[in-house]
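Report on the structure given below.
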Amino acid sequence: EADDTDTVLSIYTESKLFVFVHWLMVSDFPMVSKTYIESLPDVTQCTYKNEADLYEQFNLTSDEINRIESIF
């Protein structure tokens, strides 16, 4: 459980990075399972002001960022 549950909820549901992560993970599964939820990265210590903030926190390369941004 995170101190700032609103931030965690925003990261998991609003950020492009995690929409992309969700899409990748569920594209191979017929339904969302407990295993899926448990395999999501821990974001309880992350901040979220914008996408660049998350990209930096997860050390994404420019190629990875470009791939995610091209989808949106």
Side-chain angles (χ1 to χ4, degrees):
E1 214 170 291
D3 291 337
D4 187 353
T5 54
D6 289 340
T7 299
V8 171
L9 183 62
S10 293
I11 290 171
Y12 279 147
T13 61
E14 297 172 16
S15 72
K16 291 178 185 176
L17 173 58
F18 278 86
V19 169
F20 181 72
V21 168
H22 293 310
W23 175 77
L24 287 176
M25 293 176 80
V26 300
S27 64
D28 291 332
F29 299 117
M31 58 186 222
V32 176
S33 65
K34 183 178 180 186
T35 305
Y36 162 75
I37 300 299
E38 291 171 349
S39 64
L40 289 172
D42 180 11
V43 296
T44 56
Q45 302 302 315
C46 290
T47 58
Y48 180 54
K49 297 178 190 108
N50 55 46
E51 290 303 308
D53 195 27
L54 282 180
Y55 295 155
E56 184 177 322
Q57 290 177 66
F58 284 96
N59 298 315
L60 270 65
T61 66
S62 59
D63 287 342
E64 292 168 328
I65 293 168
N66 289 338
R67 170 71 175 128
I68 292 166
E69 291 290 327
S70 73
I71 292 170
F72 295 91

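The basis for the numbers below is simple: all heavy atoms, side chains too, and nothing from hydrogens, waters or symmetry mates.
- Here the shortest heavy-atom pairing between F20 and F72 reads N-CZ, 4.3 Å.
- For the salt bridge (charged side-chain N to carboxylate O under 4.0 Å, His left out) condition, no pair includes a residue of residues 51-61, sequence neighbours left out.
- Only one option out of I65, L54, I11 pairs with L17 in a side-chain contact (heavy atoms from CB on, under 4.5 Å); it is L54.
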After noting the C-alpha distance and the side-chain angles of L60 and I68, does the key distance pass the side-chain contact (heavy atoms from CB on, under 4.5 Å) rule?
-> CA-CA 10 Å; L60 270 65; I68 292 166; 3.6 Å; yes
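- Contacts of L9 classified as side-chain contact (heavy atoms from CB on, under 4.5 Å), with partners at least two apart in sequence or in another chain: T13.
- The salt bridge (charged side-chain N to carboxylate O under 4.0 Å, His left out) test applied to E64 returns no partner, not counting sequence neighbours.
- Interatomic distance, Y55 OH to S62 OG, rounded to the nearest 0.5 Å: 12.0 Å.
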